[in-house]
Structure formats: structure tokens, C-alpha cells
Amino acid sequence: MLPSSNLILQSVLDGVFLGFLYSLMALGLSLVFGVMGIINFAHGDFIMLGSYLVWILANSLRSDPSLMSVITVPLFFTIGAAIYVAIIRPVLGKEPLIQIAVTVGVGYVLQNLALMMFRAEPRAVQISYLNFYVNLGLVSVHTAKLTSALLSLFIVLGVHYLLTKTWVGLAIRATAYDKEIASLMGINVGKIFLLVFGLGISLTGLAASLWMTFGQADPYIGSSFGLLTWVIIALGGLGGVSGLLASSIIVGVIQSLTMTLVSPSVSLAIPYIVFIIVLWFRPQGLFGKG
Amino acid sequence: MSDAVLLEVVNLSKRFGGITALNNVSMRITKGEILGIIGPNGAGKTTLVNCVTGIYKPDGGKVLFLGEDITGRQPHFIALKGIARTWQKIRPFYNMTVIEAVTAGALLRTKDVLKAREEAAEILEFVGIPRSKFEVLGKNIALIEHKLVDLARAIATKPKLLFLDEVVAGLRPHEVDVIADVVKKVNREMGITLGVIEHVMRFVMNISDRIVVLHEGRLLTQGKPAEVARDPLVVEAYLGTKPV
Amino acid sequence: MRARISSFVLPALIVVVAGATVPFLVGFNQYYVLLALQSVIIASIALAWNIIGGYAGQLDLASFAYVGLGGILATTLMTEYNITPWVGMFLGAGVSATLAFFIGYPLFRFGVKGVWYALSTAALVVILHEVSIMVLGSFDYYIPFVEGWYYLRFRTWENLYYFSLIILAFVISLNLYISRSKVGYYLKAIREDEVAAEAVGIDIRKYKLLALMTYASILGFIGYIYIVSQRTFSYKTFDSSLSVYIAIIGIVGGLGSVSGTFTAALILKVVEEYLRGYLGGVLPGLHLLLFGVLLITVGILRPEGLSTLTDALVKKVKARIWGGAP
């Protein structure tokens, strides 16, 4: 009993859309890890926090979730900067295990805060201007997914442009390359770190707004997104925007296909199985150099 | 000095991307000597030691230790065979006490922790760490002490050949003299053959029996310290008068 | 050398004797005995974690992969085939150790460490969680009521509690033994600096794998007791959050510190139970939130955890017992 080719095509298309959104989710994590060397285990929980925030805002303002990014992005930049100053800065230069422990603590706090406030049931935004399908014959396109994919791609490329073509981007890359040399060049490394961490977290606020146009919030999506974005970084290798996009789309398509062809629970496990196997044979990632 | 060859390196090469860090280097270390390995920055000195001790796998050539081919073997295997080393950038065990760190080295030749601790204590005293420091954590000691503990940890593995990678880097002049005395003692009293990678000329010229000079990944010359110091090729390499 | 064996057996004996008085102190109140049993199980798991996490310094986040696998195996063997858990627990230990080997061997062989090791182990729990939904379905399995030492199940919790104390004593002794043996020195050296450890002749892959498999086999063994104490198992037994919680105990207790880890496990369990009992209905997850805050605080202010406090206490007690200088 083979599934129809239409079904497979549809599933690949959905996977590609999801993959673009994943690349936006992973972008902030990749920046924070690549530039600061900080291992943020709470990254996914910020997406979760953002999703709840978007849920509340969109429902009370009776507006589309994606528009809530106007609020979440600056708010999350501020939250990120505050967390950097209060929690991350004190452990810079300490053993990785301590850094991981601290961010695990942040994730634990956020997850359980959500559990306390919203309980475990999933929440979705009722209003979305884009929640309909456009039938294109062979496949149909969910407009919210398409829009979130396009916006994600736009943002990822925008941040790439920022990093490669502007003075701030140059300073960020110099810092990533060598902190000491960067500070000798007159770059304020402390400010760059604050900026990068704030940016990294604000991108989760943005990703959350797009996610909520078709997804749901529950306290545990943070853990899933957290692990998933790390998997994407591991597969993509650090540094390249093309590696990030390619590995995100691979993960999205694998998930979508296994969901359609096998079962939802397998679709959740498959990326991790791929991840472990890739780690064994290519610790630098599928698209990393070395 | 006996002429028995302890280590023989034959046409050793190592590349990193497009850069050739070691280019067909051949050299020998004979039993009992202190061999100075010098050269300007980027000459390939540390790469050479990393290839010999198994940190890097060489791209070509052979490493023979007491006649046995140990090319590309794992570091712990090479340590077991009898080659130890210290590190240019110190690699202390911060959350272990001084005596524990050295005991970890001594446990290579015995399973008995108490015996290893006793050996570690002797070696620490030998290199000049007082007993009062034995129970101090690695993160709470000074740089000179780190260098000595690093050295003691390497000696504790009972090597036949010990590489010291820029052991006096970052030390004050009187501390350099302390290390020089310890290094000579390690060679004479313990009978350990030494390969000393060095930048500080005064130190290496003072302690070495023989010197090899590396330059841009190649063996430039070798000989007695006094000969090497007069060699125009060496002077050129260091002063950079040769047009690049 | 005075008291070589007693130095790692005596503390365990003290814990067992002190622990054995608990049911009497609480007047055999089943709620408290069960709480004591659960505390002892968590402490045993955390101390097993200390071997891979505390000594070898590998941030393992897969504890409940091994607990679940070993426990579900032993439980299923009992319920389906009437095989005594006395056999099943050893099989559980073996299966968990085998899983650890197949995960650990390639990871260590290819030099996966730090964050990537932590993530792979976190991924392992998710994989087992999802795979077990396929295998077990999404129901809770309740163990049919059988009684007696053959099944290690009883009408009241005391016997199982005493049995768990023996496991705890074994894990404490094993920890203390390791910390004083060559393996312990080697694991700590690996934790501090893998490259330097290799250069003094330590086969880091072999010793990390040894630590991982020891940890996994203890967890696989305890699994059955854990499931009996929970009265049920399901795919949810492969719990990511609990696996992180075990690592939190180890870090809050202080890496490599037996007394610190033990104390942290007990304190956190009691606090958890208290908060759950009084506020759980109103604020689920409050205790976990507080543990998150605690973890952040420890990470920033006291990376050595509780160990400096508890070590000083242990020294004092030792001095009392042997009459030596503290």
C-alpha cells in the first residue's frame, strides 16, 4: 500500500516550509554559540516563552500572531540583554559544564514557569489572517506556513547580510574569530556579547510569532525546539548560512516525511537518530569544514 | 654520551590545509642527551613534538622509538612506550590537588595508588615542590609551580624520553634559572633523555648538549650549541635577513 | 595502612543503619516510608551519575533512558513470564550497559565531548521515549499485584525500602572505592583535561566507556525498584526532564563529591515533596522552577556545589570516629 506521490510531494513541501522556520529558530543559537562560545540549553525555552506571549497578545489584541513580532522582538532583545548581564556574563570563561548547567537552569525555570501559569494543555491562537490553503492542483499550500517560511528566509539572509556587509557585522565576526585580537582592534567585546545575546534571544521572539501562525504553545515545545535547533547546528556546522539552511530543510523534510509515512512519534525521534549518527562520523557537521 | 639511538624521525611531514608545518624532517635523539630544538615562530617545533607524541597523525614519514614504528599511534600508547611531554600552554588538572595530578601520572606503571602517591611525592620534592603544597588544588598555585607540577606529572610516567615544550615561557629570569637546574638534574640524576623546545636562547644554549634548528618546517642545521649559534644560516633565519 | 576497606565501606554502613531507623521513626506511616524509598532511589541514581558526570566530567543527560530500559525489561519479564526480578534486575543492568556500550563506544571513539556529548545523551532519552510509544503504545501499565520476596513486591513499603538501602550502600561504596582507586584518578584526570590525560598514558576512550557502562548498569538494575515505587510504567518512564534533574543534583551537590551529591539528592527530594504536597495543586512545577533557580545560583556563585560544606562535615565526623585531628 504505497502512499500516493501527491501525498509525498505535499509532505516534502510542508517539510521545506517548516525547515525555513527551523533555520530562523536555530539562527540565534548559532550566533550565540559561534560568537560567544556559550552553550545555551535554554534557547528552545525562549521560543516557548515567546509562543505563549504571542498567544496572549494575539488573542487579546484580536490580531494575527505574526504582527506580534513588533512587540516580541524588542521585548526579547531586552530580556536577552538582561539575562546576559545577570546570568551569562558571570560564567563567561568558566568550565563548559558550569555554563551548560546555568542555561539548563534558565530553561528549567522558563519551562516550569509556563507549566505553573498555563498548565500543560496546548494553546493555539484563534485568529490568523493566513490560516487557509491555496490549492495548486498537485499540492496545496498553507499560506501561514508559506509566509513564515518566506519571512524566515528573508530574516536569515538579512542577518547574514548584517554579519558580512556592515561594520557591526565585521566587529561580531572579528570577536568570534579571536576575542583578544578584536579587543586590541578597539572593539568593545563586552558590548558585542551583549548585542549578540540580545539579538539571539530577540530572534526567538520573532520565530515564536511565526510559529504561532499555525503552531501551538505548550510548556514542552521548548525542550523539543531546543534539542532540534542544536541538532540543526550540529548537522550544519558553524559559520555558514548555507549550511544552516540546508540542515534545517533536511530536518524539516525528514520530520514531515516520517510523520506522513510512518508515525508522528517516529518523526520526533528520527532527527535525533540522524544527529547521533552524524556526530559519530562527522563531528564537524555535514556541511562544516574540516 | 652513548650513541644508542632512542628516537629516530624519518622524513616526517605534516600539513594543515595548504600550510606545510613539517616538511620531510629527519632527525635523531640519542640516549642520555639533552637535545635543544629551536627555530623562529612557526618553524614547526611543536608540530614535530605533537606528531611524535601522537597528538597529530603525520601525513608522511616515520617515527621510530627504540627501533619500533610508533607512527600515528595514540598518545596513551606512546606514553606507555616511554615518551612523555609537557605543554607550552600549561594544561593543569585544576580541580585535583598537586599530589593527585602527579599520582595520575605515576599510575601508568602501577595499579597501587599508595605506591603511586609515594612516587609522586618523591618526584614533587625532586623538582622542588615543598610538601606543604601537595594538598593544594591545581587552580590555587602560581605559574612556576604549574610548570614544575606539569614536569613532575610527566616524569611520574617514568619516560625514557621527555619533551619540554617552551617550559620557561612566561617566567621571570630567576625562575628560568630554577627550571634550568631542575631540567639538568632530571637528565643527570634520573637519566631521562630530553628534547627541549625553546625560544629563550640563553636557557637552551646553556642546558643543551646538541641543538637542531627548524625553519619553515624544515631541518635547517644541527650541531653543538656554540657551532649552531655561529651558523650564518641560523642567524639569518632568526634575524630574517633572508628575503622572503 | 589503616582502615583501607573500612574507609569506603564504613560510610555506607552508617548510611544503611541510619536509614534503617527511618520507618521506625515515622511509625511505619506508608506515605513517609514511600517517600524515603523514593529518596533513596533518587540518591542512588544521582550517585551512579556521579561516576560518569562527577568523576569523568561527562554531562550525561540520559539517566532515565537506562533506568527505563532496565526497569521495563525486568518488570515485563516478571509480569509476562513470571521471571523473578532477582534475575530480571541483573538482565536489566546488562541490557542498559549494552545500550551504553553501543552509544558510548562510537561517541568516545570519534571524540564527541562537552556539549555534543550532553546533546547526544539528551537525544537518546527522546529516541527511547518516541520508540517506546510505538512499542508500548500510549498507555500506562500497572503491575498486577503479586507479593513476596520472589517478586520483590510487598503490601507495605518497608521491605523494598530496606532493599533499596542496600543498593544505596553499594553505590556509595563503589563511588568511594573508585575515588580512591586508579580508575578514579584516571577519570578525574580525564574530566580536567583529556589531552593532558592521554599524554600521561590514560586510554581515555576505555576509561570513559568503563564509567558510562558502570553508571548505566547500576541504573538498569535500579529500574525495577523505581517502577515498583511509581506503581506504573509507560513511555513516560523515559523522562528527559528527570534525566536533567539527576544532573542538577550532581552539579548542585558538587562534581565528584559523594557526600555533596547524597545530601543534595535528599534535600531536593524533601523540598520537592513538601512543595508538591502543599502547593502542587495550585502551582505544578514550582519545585522544578526553584531547582532551576538553585542551579543558576550554584553555577554563578558556588561551582563547587555543596561539596565544601559536606566534606567539612564528613571530616569532623571522621575525626570523632577515629579520634584523629580534624
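Here is how names work: the chains are called A, B, and so on, in the same order as the sequence lines, proteins then strands, and each is numbered from 1.
- With a 4.5 angstrom heavy-atom cutoff, Arg153(B) touches chain C via backbone and side-chain atoms both.
- Ile55(B) touches chain C through its side chain: at least one heavy atom from C-beta onward sits under 4.5 Å away, while N, CA, C and O do not.
- Within 6.0 Å of CZ in Phe126(B) there are more than 12 heavy atoms belonging to other residues, nucleotides or ligands.
- For CD1 of Ile19(B), the number of neighbouring non-hydrogen atoms (other residues, nucleotides, ligands) closer than 6.0 Å is 12 at most.
- Contact detail for Phe93(B) and Ala196(C): the closest heavy-atom pair is CE2-CB, 3.9 Å.
- How far CG of Asn95(B) is from NZ of Lys188(C): 10.5 Å, rounded to the nearest 0.5 Å.
- In this structure, Phe134(B) places its CZ atom where more than 12 heavy-atom neighbours from other residues, nucleotides or ligands lie under 6.0 Å away.
- Of the two parts of Arg117(B), only the side chain, counted from C-beta on, holds a non-hydrogen atom closer than 4.5 Å to a non-hydrogen atom of chain C.
- If you measure heavy-atom distances from Thr110(B) to chain C, the contacts under 4.5 Å come from the backbone alone.
- Between chain C and the residues Ala84(B), Gly105(B), Ala104(B), Gly54(B), the largest count of heavy-atom pairs under 4.5 Å involves Ala104(B).
- Atom CG in Leu107(B) sits 7.5 Å away from atom OH in Tyr185(C) (nearest 0.5 Å).
- Heavy-atom minimum distance, Trp87(B) versus Ala199(C): CZ2-CB, 3.5 Å.
- Shown here is Lys184(B), whose NZ atom has more than 12 heavy atoms of other residues, nucleotides or ligands within 6.0 Å.
- Interface residue Val195(C): backbone and side-chain heavy atoms are both found under 4.5 Å from chain B.
- For the atom pair Ile202(C) CD1 and Thr157(B) OG1, the distance stands at 10.5 Å (nearest 0.5 Å).
- Of the inter-residue distances, the one linking Asp112(B) atom CG with Lys182(C) atom NZ reads 10.5 Å to the nearest 0.5 angstrom.
- By the neighbour-count criterion of 12 heavy atoms within 6.0 Å, atom CZ of Arg28(B) is sparsely surrounded, having that number or fewer from other residues, nucleotides or ligands.
- Residues Val200(C) and His76(B) have side chains not in contact (no heavy-atom distance under 4.5 Å, counting atoms from C-beta outward).
- For the set Ala154(B), Ala156(B), Pro92(B), Pro75(B), the count of heavy-atom pairs under 4.5 angstrom toward chain C peaks at Pro75(B).
- A 4.5 Å side-chain heavy-atom check between Gln74(B) and Arg205(C) finds at least one atom pair inside the cut-off.
- Chosen from Thr86(B), Thr103(B), Thr53(B), the residue pairing most often with chain C at heavy-atom distances under 4.5 Å is Thr103(B).
- Counting all heavy atoms, side chain and backbone alike, Leu108(B) lies closest to Gly201(C) at CD1-O, 3.6 Å.
- Taking CG of Asp193(C) as the start and CE of Met96(B) as the end, the distance is 11.5 Å to the nearest 0.5 Å.
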